Amino acid sequence: MAPVLRTEGLTVRFGGLTALDSVDFEIRRGEIRAIIGPNGAGKSTFFNCLTGVLRPTGGRILFNGENIAGLPSNLISQKGIARSYQITNILPNATTLENVRIAAQSRRHAWSMLRHHSAYLDIIDKAEAVLEAVGLRAKAHELAANLSHGEQRNLEIGIALATEPELLCLDEPTAGMSAAETHDTMELVRRIAKDLTILI
Ligand SMILES: Nc1ncnc2c1ncn2[C@@H]1O[C@H](COP(=O)(O)OP(=O)(O)OP(=O)(O)O)[C@@H](O)[C@H]1O
Ligand SMILES: [Mg+2]
């Protein structure tokens, strides 16, 4: 099977510092792959290139065979790569459900929402299914700011999932979590991996 994602000679330089040095990598559909390395190894830089946050200095990023290196992040998101950030990326003054709903909506056409009430209800259904998947259904109407650190990290995974990605990139999803929370999040990742390709 052809890889979902493949990098060829992916290189990023920050002035004199080579953060990524000709990285060749591939991941196939349905795989869960983890990138490991010490602080400063270049893990976040790699994720930033895949998701359009950073334009690589050189090399190619093939997603389903198409070179996406240097495309803006909104286009890459529409093509089906989602990510969670190492730094939290949620809207603290919105509820848990609203955070996920807004992400789910970003994937659909605004006009269809205005014309069809049913499209709006679909979005709510989708958002509720995502909350179920990340174990936050009971917290749907809680403000995101009031969730625990571990719950906020799982909400971030939910926000990424709500965009219905083909490839989900999670940059250190268990950073700052207790041992119990880490265990729960890894269970969560295995649970959602059924229909997804995941890069951690
Ligand atoms: N925007 C930037 N400008 C300059 N240097 C950068 C930039 N982003 C990252 N770097 C440098 O590139 C190298 C790789 O950083 P990166 O954040 O990708 O590492 P990491 O593996 O994610 O580390 P950590 O485990 O601490 O998250 C580091 O030396 C870092 O200082
Ligand atoms: Mg990092």
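These figures come from a predicted structure and were not determined experimentally. Counting starts at 1 for both ligands and their atoms, following the listed order. In this chain, numbering begins with 1 at the start of the sequence shown.
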Inset, instruction - Kindly say whether L10 contributes a backbone atom to a donor-acceptor pair with the side chain of T7 at under 3.5 angstrom? - result: no
Inset, instruction - Report yes or no: does T174 contribute a side-chain atom to a donor-acceptor pair with the main-chain N or O of M177 at less than 3.5 Å? - result: no
May I ask you to check whether [X] and [Y] show a side-chain donor-acceptor distance below 3.5 Å?
X: E156; Y: N99; value: no
X: N154; Y: T185; value: yes
X: T51; Y: R83; value: yes

What are the atoms of ligand 1, with element, lying closer than 4.0 Å to any heavy atom of [X]?
X: S44; answer: 17 (O), 18 (O), 20 (P), 22 (O), 27 (O)
X: P38; answer: 21 (O)
X: L17; answer: 11 (C), 12 (O), 13 (C), 29 (O)
X: N39; answer: 23 (O), 24 (P), 25 (O), 26 (O)

Inset, instruction - Any chance you could lay out the salt bridge (Lys or Arg N to Asp or Glu O under 4.0 Å) test for K79 and E166, step after step, and finish with the verdict? - result: CA-CA 8 Å; K79 287 183 188 293; E166 224 179 298; over 6 Å; no
Inset, instruction - Please find out if the Mg ion (ligand 2) and some N, O or S atom of S44 are separated by less than 2.8 Å. - result: yes
Inset, instruction - Look only at interatomic distance and state if A19 has a nitrogen or oxygen under 3.5 Å from any nitrogen or oxygen of ligand 1. - result: no
Legend entry - G40-ligand 1 polar pair, N/O distance under 3.5 Å: yes
Legend entry - G42 heavy atom under 4.0 Å from ligand 1: yes
